[in-house]
Number of protein chains: 2
Amino acid sequence: MAKRRKVSKLFKYKPVSVKDLLVEMKDISELMVDLAYSSILFKNKEIAEDVTELETRMDELNYRIRITAMLAARSVEDAERISAVLQFASASEKISNAAGDLSNIILRDMKIHPVIYEALEDAEERIEKYEVSTKSKLSHMTLKKAELGSKIGTYIIAVKRGESIKYNPSKGFVIKDGDILIARGSTTGLEILKGICTGVRTKW
Amino acid sequence: MAKRRKVSKLFKYKPVSVKDLLVEMKDISELMVDLAYSSILFKNKEIAEDVTELETRMDELNYRIRITAMLAARSVEDAERISAVLQFASASEKISNAAGDLSNIILRDMKIHPVIYEALEDAEERIEKYEVSTKSKLSHMTLKKAELGSKIGTYIIAVKRGESIKYNPSKGFVIKDGDILIARGSTTGLEILKGICTGVRTKW
């Protein structure tokens, strides 16, 4: 119930830049697809719940975009251009709904045919979540300095810090200990990242 | 019309491993999301048409999975487990349909509000397509040897060779000249990859 109240509060209209709304919708939709497949691969309910939470966030973003769009249209030409914005937002939301359907396989405790795992394990890239320990060299480092992409081929697709989540953090983002990094990469790259996050590995 | 005939031919039922069908559906759905956003960012109709083609392929894969699933169920337990397979396939197809909606913004020549470009340009990672020239060191090299992920942080998400397309190529995949690499990475990484593909850059 507490969660439901929180959601209805979030749905109140607040003016915010359409650009920021669109960036967030794009980032979340991509992240959700990654997370949804991962939740199944790892039979991980926590990741599946993250997907559900993001689905709620997407509903909210789509609602805000619709309101903002309606208020912005002043001429037929405006309305035409804004129509593309609405289609963009609606397609991103559809992606998120489909990702929700995927992770529901895990949340609903469906019996899962082993062929699904066989299929997912075939993937070259995977997603993992690691907490940055106080001993990790990453703590207080910017993503730019960490150079995880070019050095070990892993991408930080989102960072959870307490209750908030930052999608596609920029290069200037400063990692703190306690952050949970959601990373995409090869098995080898992610193994190295795990060592870096725990502090076992200090060079990369 | 020629294309339509080809599609209906593809739709004929052919026995194939469900695992292979699922792997392809997952890979295509992820690729389509990437490609759809890119088609808008670069106002690129060719990429948008790739998305449409992949949407047709997804329809076909979903059809095949349904047929195979129905033929495979022998008991209630079978049917339960196979139900998850159908949900997986259907969610992947929904993702692909939504990606199709996105790229339709480009295919239908909709008037696009500049805020959409501003939003997409903010992304850290992007997608590019490069043709491998005969002069490129990549020609005849396996992806494993190329080490593009760990060395320059770019991922080959698909390779087009003539009429066919290989999604998520494995490490053993041998690149040939004339191949079109569809790669995801940072602007810097992709700049380097472009140099490697054209043959201007011989070390990385």
Side-chain angles (χ1 to χ4, degrees), chain A residues 17-23 25-27 29-30 33-34 36-37 40 77 80-85 87-88 90-95 97-102 104-105 110-116 118-120 122-125 147-153 155 168-171 185-186 188-189, chain B residues 17-23 25-27 29-30 33-34 36-37 40 77 80-85 87-88 90-95 97-102 104-105 110-116 118-120 122-125 147-153 155 168-171 185-186 188-189:
Chain A
S17 117
V18 171
K19 183 192 132 190
D20 290 346
L21 294 171
L22 288 178
V23 169
M25 288 191 90
K26 172 184 178 280
D27 287 350
S29 65
E30 290 178 324
V33 173
D34 286 341
Y37 283 121
I40 300 175
E77 210 201 333
E80 279 177 346
R81 289 185 188 278
I82 293 169
S83 167
V85 172
Q87 178 154 345
F88 185 102
S90 138
S92 296
E93 202 205 352
K94 274 192 208 163
I95 294 173
N97 289 343
D101 288 354
L102 272 176
N104 265 336
I105 295 177
M110 286 177 80
K111 285 182 185 161
I112 298 177
H113 197 287
V115 77
I116 292 185
E118 286 167 29
L120 292 174
D122 249 29
E124 284 286 302
E125 273 189 295
E147 287 186 275
L148 298 171
S150 54
K151 287 199 175 158
I152 62 169
Y155 277 91
N168 276 348
S170 67
K171 285 185 181 163
S186 65
T188 325
Chain B
S17 117
V18 172
K19 184 192 130 190
D20 291 345
L21 294 172
L22 289 178
V23 169
M25 289 191 90
K26 173 184 177 280
D27 287 348
S29 65
E30 290 178 324
V33 172
D34 286 340
Y37 283 121
I40 300 175
E77 210 201 333
E80 278 176 347
R81 288 185 189 278
I82 291 169
S83 167
V85 173
Q87 178 153 347
F88 184 102
S90 138
S92 297
E93 201 205 353
K94 274 192 210 165
I95 293 172
N97 290 342
D101 289 355
L102 273 175
N104 265 335
I105 294 177
M110 287 177 79
K111 285 184 186 162
I112 298 177
H113 197 287
V115 76
I116 292 185
E118 286 168 28
L120 291 174
D122 249 31
E124 283 288 301
E125 274 189 295
E147 286 186 274
L148 298 170
S150 54
K151 286 199 175 157
I152 62 170
Y155 277 92
N168 275 349
S170 67
K171 286 184 181 163
S186 66
T188 325

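Reminder, nothing fancy here: chain letters follow the sequence lines and each chain counts from 1. Given the structure is predicted, the values throughout are model-derived calculations rather than measurements.
In this structure, chain A has no heavy atom under 4.5 Å from any part of B:L21. A:L102 touches chain B through backbone and side chain together, each having a heavy atom under 4.5 Å away. Neither the backbone nor the side chain of B:E147 comes within contact range of chain A; no heavy atom of the residue lies under 4.5 Å from a heavy atom of that chain. Of the atoms belonging to B:S90, not a single heavy atom falls under 4.5 Å from chain A.
Considering OH of A:Y37 and CD of B:E30, their distance stands at 6.0 Å, rounded to 0.5 Å. The distance from atom CD1 of B:I112 to atom CZ of A:F88, rounded to the nearest 0.5 Å, is 10.0 Å. To the nearest 0.5 Å, atom CD1 of residue A:I40 and atom NZ of residue B:K26 are 10.0 Å apart. Note that CG of B:L22 is 10.0 Å distant from CD of A:E118, once rounded to the nearest 0.5 Å. Distance CD1/B:I82 to CD1/A:I116: 10.0 Å, rounded to 0.5 Å.
Listed options B:I95, B:D20, B:D34 were ranked by heavy-atom pairs under 4.5 angstrom with chain A; first place goes to B:I95. The choice from A:K151, A:Q87, A:E77, A:M25 that makes the most heavy-atom pairs within less than 4.5 Å of chain B is A:Q87. Between chain A and the residues B:A36, B:A91, B:A99, the most heavy-atom pairs under 4.5 angstrom are made by B:A91. For the set A:K19, A:E80, A:E93, A:M110, the entry with the most heavy-atom pairs within less than 4.5 Å of chain B is A:K19.
Nearest heavy-atom pair across A:S29 and A:S92 is CB-O, 3.8 Å.
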